[in-house]
A.B. asks: 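Starting off with a structure, shown below.
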Protein chains: 2
Amino acid sequence: MLIVGEKLNSSLKGIEEAVRKRDGLFIQNLAKRQIEAGANALDVNVGTSLASEDEDMRWMVKTIQQVVDCPLLIDSPNPRALRAGLEECKGRAIINSITAERKRMEKVLPLAVEFKCGIVALTMDEKGIPKGVEERMKIAESLISILTRKGISLSDIYIDPMVTSIATESSSAKVTFETTRRIMSSFKGIHTICGLSNISFGLPKRRLLNQTFFVMAICSGMDSFILDPLDRRLMSLLVASRALLGEDEYCADYIKAFRQGRI
Amino acid sequence: MLIVGEKLNSSLKGIEEAVRKRDGLFIQNLAKRQIEAGANALDVNVGTSLASEDEDMRWMVKTIQQVVDCPLLIDSPNPRALRAGLEECKGRAIINSITAERKRMEKVLPLAVEFKCGIVALTMDEKGIPKGVEERMKIAESLISILTRKGISLSDIYIDPMVTSIATESSSAKVTFETTRRIMSSFKGIHTICGLSNISFGLPKRRLLNQTFFVMAICSGMDSFILDPLDRRLMSLLVASRALLGEDEYCADYIKAFRQGRI
């Protein structure tokens with residue numbers, strides 16, 4: 001499973017300032033802490049600094065790579081910032097993200113081809129996020145068809161079935177689970193990915209909902225998550241989920257995590 | 001969903017003594033506390049007192065019914081104790097349990113027909129608990145066929161796919177989930193049920209595994225559980241799961257549980 005640390009995002013507290021001041025130690029510390037807590041990839045987003053986004057992205061990627069060696073999700077809708085991050089990235093890179101919107105597709109797809117990297121594809125188009133499973137499957141199938149025709153392999157594609165809050169649409173989580181199950185069974189080798197926090201927007205005790213949603217999404221076959229790896233409870237549920245799904249032979253990782261006091 | 005409180009079981013601390021001393025207040029208090037915590041049915045088991053099991057069962061059912069009005073699971077392999085409990089039961093009763101073992105079937109099945117009650121059916125036979133999904137499905141199908149031919153409706157049948165520990169068999173939870181999904185999609189209106197604690201036998205941090213297993217089982221379609229309703233974390237996950245699966249319109253129960261400080 002790909003567990004992507006979400007905390008290197010300039011919309012989160014402290015990051016924007018650290019980027020502006022080129023506080024490399026702050027950024028590197030947060031990168032290391034996320035990996036130590038169990039993330040095996042990091043999302044990098046400097047979207048709040050519009051004017052300098054590409055230079056900031058370049059600096060961030062360079063800075064992070066000095067201390068950790070893991071896949072990086074270069075997170076921006078801006079093709080120039082994406083190119084800057086991809087050019088700096090020495091290891092595995094994943095573009096976050098493309099959609100079925102024609103303009104975004106035209107500008108981002110050539111980067112994925114040029115850099116032979118992974119790509120997150122959101123099931124949304126010019127009309128926004130569709131409500132049901134069928135409409136999402138239609139967009140997912142169209143995205144997969146376009147990407148694979150350009151030579152991108154299924155194992156480089158991460159479909160995000162777009163999580164919306166259950167506060168406004170009570171079928172929202174079920175739609176995510178069903179879309180995930182259908183994508184994973186229809187396209188062998190492909191990945192599905194999502195962030196956790198949208199599901200609980202507008203509701204109290206959001207962490208409880210996010211945690212429960214996380215376990216259900218894993219159970220539905222989702223194999224990649226963008227989350228806060230410093231949330232100890234979330235990481236405990238991940239270790240337990242892997243043991244329950246038979247992905248942890250003899251529960252060896254589970255017992256190790258217990259002995260190390262991580263769960 | 002049927003949430004069965006498991007605590008009125010003479011193998012648990014304090015119960016055997018309370019039964020022996022006919023301490024009705026102790027039993028009634030535990031019955032009420034389980035219902036207040038969110039259980040909507042209660043399991044009743046006095047299996048430790050072999051010589052007096054039927055009289056003890058009779059007293060327990062009478063005692064419990066004086067303070068709560070909910071379905072009772074009359075829990076015994078002993079046909080005499082089952083009959084005693086069923087005779088006393090004024091409301092909905094569910095026999096816990098029958099198996100595909102010939103002798104048990106011969107003695108318990110007539111009680112289910114006579115009392116027109118629900119029945120828990122375990123997917124095991126003379127050879128014990130089978131390993132895989134296929135063998136469990138075979139036993140489940142045979143049980144369902146025998147029960148329905150006797151006039152028992154699908155909505156009165158609770159199939160227990162027999163949870164075993166992941167410590168000894170790493171595919172154990174997956175087998176439970178897959179068997180549940182297949183039973184629920186093949187027999188519309190039927191129920192699936194399980195206890196939570198066997199899954200983690202022999203492992204540390206058992207509550208974490210039980211909780212994670214619980215959420216995954218709900219997500220797989222299981223609709224009945226025998227559990228400890230006084231485990232607050234478990235009940236919080238239940239409330240969150242119902243909201244996520246669209247079974248709680250406008251998240252009304254979830255918000256109510258939050259306001260009452262229950263989650």
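Order of the sequence lines fixes the chain letters, A, B, ..., with proteins taken first and strands second; residue numbering starts at 1 for each chain.
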A.B. asks: Of all heavy-atom pairs between B:Phe213 and A:Leu244, which one has the smallest distance, and what is that distance?
C.D. replies: N-CD1, 3.4 Å

A.B. asks: Looking at chain B, which one of A:Val239, A:Val215, A:Ile255 has the largest number of heavy-atom pairs inside 4.5 Å, strictly under?
C.D. replies: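 Looking at each of A:Val239, A:Val215, A:Ile255 in turn, A:Val215 comes out on top.
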
A.B. asks: Between chain B and chain A, which donor-acceptor atom pairs come closer than 3.5 Å, counting both backbone and side-chain atoms?
C.D. replies:
residue, atom, partner, partner atom, Å
A:Pro204, O, B:Tyr254, OH, 2.8
A:Lys205, O, B:Tyr254, OH, 2.8
A:Gln211, OE1, B:Arg233, NH2, 2.8
A:Arg233, NH2, B:Gln211, OE1, 2.8
A:Tyr254, OH, B:Pro204, O, 2.8
A:Tyr254, OH, B:Lys205, O, 2.8

A.B. asks: Do you know which of B:Pro204, B:Ala167, B:Ala243 has the most heavy-atom pairs under 4.5 Å to chain A?
C.D. replies: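 Top option by heavy-atom pairs under 4.5 Å: B:Pro204.
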
A.B. asks: Check whether any side-chain heavy atom of B:Leu245 lies under 4.5 Å from a side-chain heavy atom of A:Phe177, and answer yes or no.
C.D. replies: yes

A.B. asks: Do B:Leu208 and A:Leu237 come close enough that some side-chain heavy atom pair is under 4.5 Å?
C.D. replies: yes

A.B. asks: Mind jotting down which residue pairs meet the ring pair (Phe, Tyr, Trp, His ring centres under 6.0 Å) criterion with at least one end in residues 219-241 of chain A? Sequence neighbours excluded, please.
C.D. replies: A:Phe214-A:Phe225

A.B. asks: Would you call B:Leu203 and A:Cys251 a side-chain contact if the rule is heavy atoms closer than 4.5 Å?
C.D. replies: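 A side-chain contact under 4.5 Å exists here.
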
